[in-house]
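Down below is the structure, laid out as structure tokens.
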There are 2 protein chains.
Amino acid sequence: MTSSLGAELAQRGVAPNCVRTIELVRDVLARVGDKWTLLTITVLASGPLRFTALHEQVAGISQRMLSQTLRGLTRDGLVTRTAYPHVPPRVEYALTPLGRSLSEAVDGLVCWVRDHQRDIARNRDEFDQVPAANTATRPCP
Amino acid sequence: MTSSLGAELAQRGVAPNCVRTIELVRDVLARVGDKWTLLTITVLASGPLRFTALHEQVAGISQRMLSQTLRGLTRDGLVTRTAYPHVPPRVEYALTPLGRSLSEAVDGLVCWVRDHQRDIARNRDEFDQVPAANTATRPCP
DNA sequence: CGGGATCCAGCAGGATACTG
DNA sequence: CAGTATCCTGCTGGATCCCG
């Protein structure tokens, strides 16, 4: 699958190192690009949490998506799942060292957004105020 | 919208600084979490490109999604769109300084995946080989 | 060549109800 | 409490045709 993508790109004359980058970006998105994974990781970054606690902190997530997301993260070795044989059940989720290192890598992106979201909002407003700027075929100045 | 999310979280007793983080992660995903934006940015990071060139390098993207993605990026001030009044038309896209800085922030994540994708693949294989490991309600050892 | 407009399928994901 | 099972909807995004 990935190799066929690489072959396809190589055939188009795309430089090999660029092909690698493109595949990596694909992997990034496959792992943290969905709606809830990144959010769950950053919430867990502040400490271990039980299922219900996560369900409250990750605003808007359904039980279905939470358990699904957590299973995926556990599968990848990014979080641990610890079940205590109690009644009522008690299950704790926590980041593994691998998960923590990912969380730190994500921090860079989060900081970037924090530092530049004002700029983006301003650019967006400017763009929207120019009439017909949202169409690509516009007159050349 | 964002403020209502913050209010909702605050009402649940979530710490204010965590609320900020969650909102930021939301913004990250809204900006680069879709299927093509991040890919387009990283391809443009190696230099300005014309529409067709982008269409070839960003493997698998349709013309529709490419123009849509580019318009979004242009709107946010992350790329510039330069149209030359020629026949046939010639349009070049390039990263702005803001776009380049985002591309650098993304690099951290890309490097993380490059360094750890083997680990993740191994964890995944291990997980999958344990029978019934994919169900959460499993016996406690 | 560089798009826009339209149509349509697939699947992510929400709501709800049920279980150990 | 911590999930699973089922159903169902909305939106993303692909295919196709058209235009300047």
Side-chain angles (χ1 to χ4, degrees), chain A residues 5 8 26 29-40 43-44 48-75 79-94 131-140, chain B residues 5 8 26 29-40 44 48-75 79-94 132-140:
Chain A
L5 168 65
E8 183 191 343
R26 280 247 152 94
L29 289 172
R31 192 135 300 113
V32 300
D34 66 304
K35 195 173 178 182
W36 299 114
T37 298
L38 207 54
L39 220 44
T40 305
V43 167
L44 277 176
L49 284 174
R50 299 177 57 175
F51 187 88
T52 303
L54 271 168
H55 188 233
E56 284 165 359
Q57 299 239 350
V58 182
I61 197 172
S62 61
Q63 285 197 344
R64 179 174 123 89
M65 291 317 295
L66 180 56
S67 76
Q68 199 168 299
T69 302
L70 287 170
R71 201 179 322 133
L73 289 172
T74 306
R75 192 168 99 103
V79 313
T80 57
R81 177 185 186 276
T82 313
Y84 301 96
H86 288 341
V87 176
R90 175 187 180 88
V91 179
E92 273 205 353
Y93 292 92
N134 53 347
T135 175
T137 55
R138 55 185 184 272
C140 317
Chain B
L5 168 64
E8 184 189 344
R26 278 248 153 93
L29 290 173
R31 191 134 301 111
V32 300
D34 66 304
K35 194 172 178 183
W36 299 113
T37 300
L38 208 53
L39 221 44
T40 305
L44 277 176
L49 285 174
R50 300 179 57 176
F51 187 87
T52 303
L54 271 169
H55 189 236
E56 284 165 0
Q57 299 238 350
V58 183
I61 196 172
S62 62
Q63 286 197 344
R64 178 173 123 87
M65 290 318 295
L66 180 57
S67 75
Q68 197 168 300
T69 302
L70 287 169
R71 201 180 323 132
L73 289 171
T74 307
R75 191 168 100 104
V79 313
T80 57
R81 178 186 185 276
T82 314
Y84 301 96
H86 287 343
V87 176
R90 175 188 181 87
V91 180
E92 273 204 351
Y93 292 92
N134 54 347
T135 174
T137 55
R138 55 186 183 272
C140 316

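When reading the values below, keep in mind they use all heavy atoms of this one structure, side chains included, and skip hydrogens, waters and symmetry mates. Note that this is a predicted model, so its numbers are computed, not measured. First the proteins, then the strands, lettered A, B, ... as listed; each starts at 1.
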Report the distance from atom [atom1] of [X] to atom [atom2] of [N], rounded to the nearest whole Å.
| X | N | atom1 | atom2 | answer |
| --- | --- | --- | --- | --- |
| Q68(B) | dT6(C) | CD | P | 14 Å |
| F51(A) | dA2(D) | CZ | P | 8 Å |
| Y84(B) | dC1(C) | OH | C1' | 15 Å |
| L66(A) | dT4(D) | CG | C1' | 13 Å |
| K35(B) | dG10(C) | NZ | C1' | 11 Å |
| L49(B) | dG2(C) | CG | C1' | 15 Å |
| I61(B) | dG14(D) | CD1 | P | 8 Å |
| L54(A) | dG3(D) | CG | C1' | 13 Å |

Taking only side-chain N and O atoms of [X], does any of them lie within less than 4.0 angstrom of OP1 or OP2 on [N]?
| X | N | value |
| --- | --- | --- |
| Y93(A) | dC1(D) | no |
| S62(B) | dG14(D) | yes |
| S67(A) | dA2(D) | no |
| R81(B) | dG3(C) | yes |

[options]: which one has an atom nearest the side-chain heavy atoms of [X]?
| X | options | value |
| --- | --- | --- |
| R71(B) | dG4(C), dG3(D), dG13(C) | dG4(C) |
| R50(A) | dC1(D), dG13(C), dG3(C) | dC1(D) |
| P88(A) | dG2(C), dC1(D), dG14(D) | dC1(D) |

**Message:** Closest-nucleotide mapping onto DNA chain D: is D34(B) or P89(A) further toward the 5' terminus? I mean the 5' end.
**Reply:**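 That would be P89(A).
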**Request:** Scan L54(B), T80(B), L49(B) and name whichever one has a side chain to side chain contact (heavy atoms under 4.5 Å, CB included) with Y93(B).
**Result:**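 Answer to the side chain to side chain contact (heavy atoms under 4.5 Å, CB included) test with Y93(B) among L54(B), T80(B), L49(B): L54(B).
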**Request:** Give a yes or no on whether the backbone of D34(A) and the side-chain of T37(A) come within a donor-acceptor separation of less than 3.5 Å.
**Result:**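 No; zero donor-acceptor contacts below 3.5 Å.
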**Prompt:** Ignoring hydrogens and geometry, is there a side-chain-to-backbone donor-acceptor pair from H55(A) to L66(A) under 3.5 Å?
**Reply:**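 No, because the side chain of H55(A) does not come within donor-acceptor range (under 3.5 Å) of the backbone of L66(A).
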**Asked** When the nearest nucleotide of DNA chain C is assigned to Q63(A) and to W36(A) on a heavy-atom basis, which residue is associated with the more 5' position?
**Response**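 By nearest-heavy-atom nucleotide position, the 5'-most residue is W36(A).
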**Request:** Flag the pair R81(B) / V91(B) as yes when at least one side-chain heavy-atom distance between them is below 4.5 Å, and no otherwise.
**Result:**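 Yes. Closest side-chain heavy atoms under 4.5 Å.
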**Item:** L5(B) and R26(B), any side-chain heavy atoms less than 4.5 Å apart
**Value:**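 Yes - at least one pair of side-chain heavy atoms lies under 4.5 Å apart.
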**Prompt:** What nucleic acid atoms does R64(B) come within less than 4.0 Å of, heavy atoms only: base, sugar-phosphate, or nothing?
**Reply:**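 Base contact.
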